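Being a predicted model, the structure only gives us computed values, none of them experimental. Residue numbers start at 1 and run along the sequence shown.
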Amino acid sequence: MRKPSRLNQSVAPDFLLLGLSEQPEEQPLLFGIFLGMYLVAMVGNLLIVLVISSDAHLHTPMYFFLANLSLTDACFISASVPKMLINIHSQSQTVSYSGCLTQLYFLLVFGGLDSGLLAVMAYDRYVAICHPLHYSTVMNPQLCAQMLCMCLVLTNCPALMHTLLMTRVAFCAQVIIPHFYCDPSALLKLACSDTHINELMIITMGLIFLTVPLMLIVFSYVRISWTVLGIPSPGGRWKAFSTCGSHLTVVLLFYGSLMGVYLLPPSVRSTERESRAAILYNVLIPMLNPFIYSLRNKDMKQVLFKLVDGRKTFFLPCL
């Protein structure tokens, strides 16, 4: 049996992103749907950042991390969807070698940062509910900044290392990626050289980006549940749990979609299943997060209404 030919690595190969559908008649519909979802996600997340930064009452640790989560979501969806829209519009499936590795790096960074921020926000809720008298002392601005920096370092370093290791991989002549973005596992399947180090790096990143943050979230909510169940008043228990509802919803959506793909045995996995899950955590969750956090949050809605009323007052004299 003839072995697949190896590309000359001195000439950077172009990859083909098959996208979500190869049917020409479905392309305009896909373009419209994903353009709409992208615009909604960008406007919603950037609006949350604007609302939090414009009101001094929201300059608290919880909203500080929420603003960073929204900014991360805006960057995360921007790492994959614009390229997919460009490919659909231009009727081209190609992505350059450097473009693919750049996209891979930013997807890993912002995906890992999303996971880290969700863990930090769980710790914030733990301190607020389990140690309310010490909340302002424990969650001081210095600690919040240090936790954000820690998340940035723990995501950037492994993502950069994995991307650099990917430059050492020799790819076969048929470089077709059955996704709408440069998926690291799909890239390694196209390799003609040894990829054991790369696969080990993926496992390491899985521990850093997913397993450790999820364990911290579970630990925080076990302690929160223990504390809340000890509150004698049903109204008090409901008030305490309600402050965690939005965060829990996002955690379940984010980790549920990832586990639905990457924890399944290889015999059960399929390209279609992985693409659907990728749409969920790459596109839908960044789009839904602003609605999940704002619609259930009285403070956010009040500041948003103030901004809208203020703009109306400003523009009315000009009419």
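- In this structure, CG on D183 lies 8.5 Å from CG on L104, to the nearest 0.5 angstrom.
- Counting only distance, with no hydrogens or angles, the side chain of Q93 and the backbone of L16 share no donor-acceptor pair below 3.5 Å.
- With hydrogens and angles disregarded, no donor-acceptor distance shorter than 3.5 Å links the side chain of Q27 to the backbone of I88.
- Linking ILVMFWY residues whenever their side-chain heavy atoms come closer than 4.5 Å, directly or via other members, places L108 and L160 in the same cluster.
- Nearest heavy atoms, V250 versus Y293: CG2-CE1, 3.6 Å.
- I292 contributes atom CD1, which lies 7.5 Å from atom OG of S246 (distance to the nearest 0.5 angstrom).
- With rounding to the nearest 0.5 Å, the separation of CZ in F110 from CG in N282 is 12.5 Å.
- Under the 4.5 Å side-chain heavy-atom criterion for Ile, Leu, Val, Met, Phe, Trp and Tyr, F219 and L248 are members of distinct hydrophobic clusters.
- Linking Ile, Leu, Val, Met, Phe, Trp and Tyr whenever their side-chain heavy atoms come within less than 4.5 Å puts I33 and L17 in one cluster.
- Using the six-membered ring where Trp is involved, H247 and Y221 have ring planes that are parallel, under 30° apart on the 30 and 60° scheme.
- Remark: the backbone N or O of G99 is paired with a side-chain donor or acceptor of S96 at under 3.5 angstrom.
- To the nearest 0.5 Å, atoms CG (N289) and CG (D73) are separated by 4.5 Å.
- Between F31 and H89, the two ring planes are tilted [angle within 30° to 60°].
- When all heavy atoms are compared, the tightest approach of P286 to F76 is CG-CD2, 4.2 Å.
- Annotation: the span from M84 atom CE to Y181 atom OH amounts to 12.0 Å, rounded to 0.5 Å.
- Side-chain N/O atoms of N156 and Y105 include a donor and acceptor closer than 3.5 Å.
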